[in-house]
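Bear in mind that the values here come from a model prediction, so they are computed numbers and not experimental data. Because only heavy atoms are used, hydrogens play no part in the values below, and waters and symmetry mates are left out as well, while side chains stay in. The chains referred to below are lettered A, B, ... by the order of the sequence lines, with proteins before strands, and numbering in each begins at 1.
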Amino acid sequence: MTIHEVIRREIHKHLEQYGLFDGDIEVDLEKPRDRSHGDLSTNIAMVCAKRLSRKPRELAGELAAKLMFDRAVVASVEIAGPGFINFRIAREHQRNLLLELWHGEGAIEAIKTGGGKRINVEYISANPTGPLNVVSARAGAFGSTLVRLLDAVGYDAHGEYYVNDAGRQVKLLGASLRARTMEMLGQAAEFPEDGYKGRYITRMAEELLHLDSKAILEQANVFNDESFHRVTAPAGTADDWMQLPEEESVRRFSKYALMKILTWQRTTCRRFGLRFDTWYFESELHETKRVERALEQLRKNGHVYEQDEATWFRSTTFGDEKDRVIVRSDGIPTYFLADVAYHFHKFQRGFEHAIDFLGPDHHGHIARMEGAMKALGVPDGWLEVQILQQVNFVEDGRPMDMSKREGQFVSMDALCDDVGADVAKYIFLTRKPNSHLDFDLDMAREQSNENPVYYVKYAHARICSVLRKAAEAGISVEDVTEKGLNGLQEEPEWALVGELIRLPETIADAAVAREPHRLTAYAHEVASLYHYFYHHCTILGDDLIVTMARLQLCQATRAVLAHVLELLGVEAPEFMGEKE
RNA sequence: GCGCCUGUAGCUCAGCUGGAUAGAGCACCGGACUUCUAAUCCGGCGGUCGCAGGUUCGAAUCCUGCCAGGCGCGCCA
């Protein structure tokens, strides 16, 4: 039984004397903002005051006097302010919680309520038509952290990348590359309208002209894992491809460009610390006839009709504002239908829940997709859509155009070059998903050395340094023990302990709310309390008992920081060089 | 016009699901290294929480209406 439950139960017991029963009224316990108000606080007296026609503070005093606790768990009960009842957790109990945490028992186990349920988290879905941009960076930071959070609370989370390689854009990409290549050879080439004008295409063409057929084939060798079995190199050389009839020629160039860009995208993801369990290719949906089968299923369930030579999904049945075309009048299925097939396949693959991360420009898709899932018999609530607001990049005081087609966008790689992956991730992860973020690149560059992430990293490195120093002096502290923690006496020490034991609930809250930014806030708080402790308490002192106690506290703090940083996908360094 | 999101310190953002004196980082000012790493610590400056009503013991937080900004409302993806 957690301390929250102990306190709640005791309060409920006494509330019954006032005719208020469990289920009738809820006892909220929260951590007071001001530490001097104790460790936990409830407003129950104020909530009940009116119903009982009593003065809140008087009722609080009366109730508080009746509460009986094991002094080894709840050390004190006080009333304060307009009628709060504040509780102080006994140090002995805090110590026990920290020991449990250290051993990976207790609350950190109790939050694993997922029951091994398989959850699919699709957090990047991109056209393979250019380098990944910073929109994917934010999604990547969020998604990868959410996957780790879900695992931490007992789910079997699965990170997925959806490659939109089937549409017209890939053809357009190939045509763009072909045109650039021909231009380079001085041949007349018409650059496609709406083609991709980015410089990366020109550079790709340049490189391509220097490759013989063997070198081209070898480029595909980087894709040796199962997810990428579909990505292969086209046979021949650029010269060969240009001799072919246009359609086939474009196809070769597309195949090549796709391979190159996926190589970049995957490299970028790795650099950013993103690991995907699956890269799912849209083209596979078409080849395996899943798109057709999804259509048949929808039709069978009576949600499809023909009009104006097109095929429509009656999404209005499910609350969408209008019906949607799923097969165009030219016979080509829409992107939406493929997406329906994709999500249906996710369901068929055995995921009990699916989370999609979408940009705000796609929020209109939610209703129709949810409708389609319902139409296919997928349970309500199976699909969860998280909207991640747009990031506006600002440089020289003005917002940057993010159009990929025009080739002017901030790439994820450029972001890593500028500020580093850890800094970028941390900045994204201090914001909640709904925030419309203005990312000032100039400031980020300047601050990259003066950033909150270093505050946390430094705390970790500092602990490692102290532990090294202790080892040099012949004091080695590997474990955290009951006896050791009993040597803690000072207020800064216990403030730190009090924060460390909040790790499990912080993880659970962040996972449930899908709000990874709670982790960065927590990490900052722990780091802050450690720095405070460090300055007020000499760790390596003359009193061996105190020294041992403080070293153990260091060990525990280091473990907590490392744990949180790992969840955030940020490196926890053992050394930190001098700044500048 | 309709829908989604947002509006908190000079800037970028938190505010733990309605609590006590609204916080952090950056910027600015002033202190602390002969010491376990000063990428730190201590102090200061700075806010009609967009505006106006409402709900109640209590509102940055919930409701309504305005104002401002972002995004969306294709047989594009």
Side-chain angles (χ1 to χ4, degrees), chain A residues 28 30-34 37 41 43 45-47 49-50 55-57 80-84 86 125 127 164 166-169 194 282 307-312 321-322 324-330 332 334-336 338-339 359-367 387 389-390 392 394 427 430-432 434-440 443-444 446-447 449-455 457-459 461-470 473 502 505-506 509-510 513 515 517-518 520-522 524-525 527-528 530-532 534-541 547 550-551 554 575-580:
Chain A
D28 276 330
E30 66 172 18
K31 179 195 161 198
R33 191 170 16 227
D34 188 337
H37 290 138
S41 178
N43 59 357
M46 290 178 286
V47 173
K50 184 150 198 188
K55 287 179 183 157
R57 198 176 156 103
F84 289 101
N86 298 331
S125 125
N127 290 327
N164 304 137
R168 207 166 53 194
Q169 327 89 299
D194 297 331
E282 184 189 351
Q307 189 183 310
D308 303 330
E309 293 172 10
T311 307
W312 298 70
E321 54 193 25
K322 54 183 283 196
R324 307 290 168 178
V325 171
I326 46 179
V327 181
R328 305 192 313 218
S329 50
D330 60 8
I332 296 175
T334 60
Y335 173 83
F336 172 56
D339 217 20
D361 49 335
H362 286 76
H363 82 261
H365 292 231
I366 300 174
I387 297 291
Q389 290 297 331
Q390 195 89 31
N392 291 317
V394 179
I427 289 177
T430 51
R431 273 66 167 173
K432 55 187 170 187
N434 269 341
S435 65
H436 300 227
L437 177 57
D438 276 344
F439 198 115
D440 188 328
M443 200 171 77
E446 270 177 38
Q447 284 183 15
N449 230 12
E450 193 69 43
N451 194 281
V453 69
Y454 290 104
Y455 185 82
K457 283 175 174 246
Y458 181 57
R462 192 176 227 184
I463 296 171
C464 291
S465 170
V466 172
L467 294 172
R468 277 194 301 272
K469 234 12 180 228
R502 291 189 56 239
E505 62 174 279
T506 303
D509 289 349
E515 289 185 352
H517 76 278
R518 297 188 191 199
T520 49
Y522 176 73
H524 193 271
E525 186 64 24
S528 170
Y530 181 79
H531 289 311
Y532 176 72
Y534 179 90
H535 273 267
H536 287 82
C537 305
T538 303
I539 299 163
L540 303 174
T547 295
R550 291 178 176 169
L551 282 171
C554 285
F575 296 91
M576 208 92 162
E578 290 295 319
K579 190 184 173 189
E580 298 298 285

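When the C1' atom is used for both B/G31 and B/A38, the distance is 13 Å, rounded to whole Å. Comparing the C1' positions of B/G65 and B/G58 gives a spacing of 24 Å, expressed to the nearest Å. Comparing the C1' positions of B/U64 and B/G25 gives an interatomic distance of 36 Å, to the nearest angstrom. For the P atom pair drawn from B/C62 and B/C75, the interatomic distance equals 36 Å after rounding to whole Å. Here, B/A77 and B/U61 have their C1' atoms 38 Å apart, quoted to the whole Å. One P atom belongs to B/C41, the other to B/G3, and the distance between them is 48 Å to the nearest Å. Only the C1' atoms considered, B/U8 is 9 Å distant from B/C13, to the nearest whole Å. Nucleotides B/C73 and B/U55, compared at atom C1', are 34 Å apart to the nearest Å.
The interatomic distance linking A/K322 (NZ) with B/G72 (P) rounds to 16 Å, in whole Å. In this entry the distance linking NE2 of A/H517 with P of B/A24 reads 16 Å, nearest Å. Per the geometry, CD belonging to A/E450 stands 10 Å off P belonging to B/C28, to the nearest Å. Computed from coordinates, the A/H436 NE2 to B/C4 P distance equals 13 Å when rounded to whole Å. Between A/R518 atom CZ and B/G15 atom P the separation is 7 Å, expressed in whole Å. The distance from atom CZ of A/F336 to atom C1' of B/C73 is 15 Å, rounded to the nearest whole Å. Counting to the nearest Å, the P atom of B/U35 and the CD1 atom of A/I539 are 16 Å from each other. Computed from coordinates, the A/L540 CG to B/U35 C1' distance equals 11 Å when rounded to whole Å.
When the shell of 6.0 Å around CZ of A/R468 is examined, it contains more than 12 heavy atoms from other residues, nucleotides or ligands.
For B/C76, one of the phosphate oxygens OP1 or OP2 lies less than 4.0 angstrom from a side-chain nitrogen or oxygen of A/R328. OP1 or OP2 of B/C57 has at least one side-chain nitrogen or oxygen of A/K50 nearer than 4.0 Å. OP1 or OP2 of B/C41 lies within a sub-4.0 Å distance of a side-chain N or O belonging to A/Y455. For B/U6, neither phosphate oxygen OP1 nor OP2 lies less than 4.0 angstrom from any side-chain nitrogen or oxygen of A/K432. Checking the phosphate oxygens (OP1, OP2) of B/U6, a side-chain nitrogen or oxygen of A/N434 falls inside 4.0 Å. In this structure, A/H37 does not reach the B/G19 phosphate: none of its side-chain N or O atoms is under 4.0 Å from OP1 or OP2. A/S435 has a side-chain polar atom (N or O) that falls below the 4.0 Å cut-off from OP1 or OP2 of B/A14. One finds no side-chain N or O of A/Y530 lying less than 4.0 angstrom from the OP1 or OP2 phosphate oxygen of B/C41.
Taking the side chain of A/Y534 as heavy atoms from C-beta on, and the options B/C75, B/A38, B/A39, the nearest nucleotide is B/A38. Side-chain proximity of A/A513 to the nucleotides B/U17, B/C4, B/G19 is greatest for B/U17. Set against B/A39, B/C13, B/A77, the side chain of A/R431 has B/C13 as its closest nucleotide. Distance from the side chain of A/T334 is smallest for B/A77 among the nucleotides B/A77, B/C71, B/A39. Checking B/A38, B/U12, B/U17 against the side-chain heavy atoms of A/D438 singles out B/U12 as nearest. Of the listed nucleotides (B/C36, B/C42, B/C13), B/C36 has the atom at the smallest distance from the side chain of A/K469. Checking B/A38, B/U6, B/C75 against the side-chain heavy atoms of A/R462 singles out B/A38 as nearest.
For B/G25, the paired base is B/C11 (Watson-Crick or G-U wobble, both distances below 3.5 Å). Look at B/U17: it lacks any Watson-Crick or wobble partner with both distances under 3.5 angstrom. When Watson-Crick and G-U wobble pairs are counted only if both distances are under 3.5 Å, B/C45 pairs with no nucleotide at all. Checking B/A52 for Watson-Crick or G-U wobble geometry (two distances, each under 3.5 Å) identifies B/U64 as its partner. In this structure, B/G3 and B/C71 make a Watson-Crick or G-U wobble pair, each of the two defining distances being under 3.5 angstrom. Within the shown strands, nothing qualifies as a pairing partner of B/A38 under the Watson-Crick or G-U definition with both distances less than 3.5 Å.
Residue-to-nucleotide contacts include no donor-acceptor pair under 3.5 Å from the side chain of A/H535 to the base of B/A38. Judged by distance alone with a 3.5 Å cut-off, a donor-acceptor contact links the side chain of A/N43 to the base of B/G19. Side-chain to base pairing of A/H531 with B/C41: no donor and acceptor N or O lie closer than 3.5 Å to each other. Between the side chain of A/H362 and the base of B/G72, no donor-acceptor pair under 3.5 Å is found. With hydrogens and angles ignored, no donor-acceptor pair under 3.5 angstrom links the side chain of A/T430 to the base of B/C13.
For the pair A/E30 and A/H536, both in contact range of RNA chain B, the more 5′-proximal nearest nucleotide belongs to A/E30. Place A/E282 and A/F84 on RNA chain B by their nearest nucleotides, and A/F84 ends up nearer the 5' end.
Put simply, the side chain of A/T547 gets close to the backbone of A/G541: a donor and an acceptor are under 3.5 Å apart. For A/R57 (side chain) and A/G81 (main-chain N/O), a donor-acceptor pair under 3.5 Å exists by modelled atom type.
Across all strands shown, A/S528 has no heavy atoms under 4.0 Å from either base or sugar-phosphate atoms. Residue-level contact check: A/A459 touches neither bases nor backbone, having no heavy atom under 4.0 Å from any strand. Note on A/D308: a base of the nucleic acid sits closer than 4.0 angstrom, heavy atoms only. If you check every strand for non-hydrogen atoms under 4.0 Å, A/A49 touches nothing. At a threshold of 4.0 angstrom between heavy atoms, the contacts of A/L437 are confined to the sugar-phosphate backbone, with no base atom among them. Residue A/E309 is classed as having no contact, given no heavy-atom separation below 4.0 Å to the nucleic acid. In this structure, A/P56 reaches neither bases nor backbone, as no heavy-atom distance under 4.0 Å exists between it and the strands shown. At the heavy-atom level, A/R502 lies under 4.0 Å from base atoms of the strands shown. If you check every strand for non-hydrogen atoms under 4.0 Å, A/C464 touches nothing.
Annotation for A/F336 and A/V325: closest pair CD2-O, 4.4 Å, computed over non-hydrogen atoms. Across all non-hydrogen atoms, the minimal contact from A/I387 to A/H363 is CD1-CB, 3.8 Å.
By the 30° and 60° cut-offs, the orientation of the rings of A/H531 relative to A/Y455 is perpendicular.
The CZ atom of A/R431 sits 10.0 Å away from atom CG of A/D438, with the distance rounded to the nearest 0.5 Å.
In B/U12 the base sits anti relative to the sugar, since the glycosidic angle is further than 90° from 0.
The side-chain tip of A/R462 does not point at the ring of A/Y530 from less than 6.0 angstrom away and within 45° of straight on.
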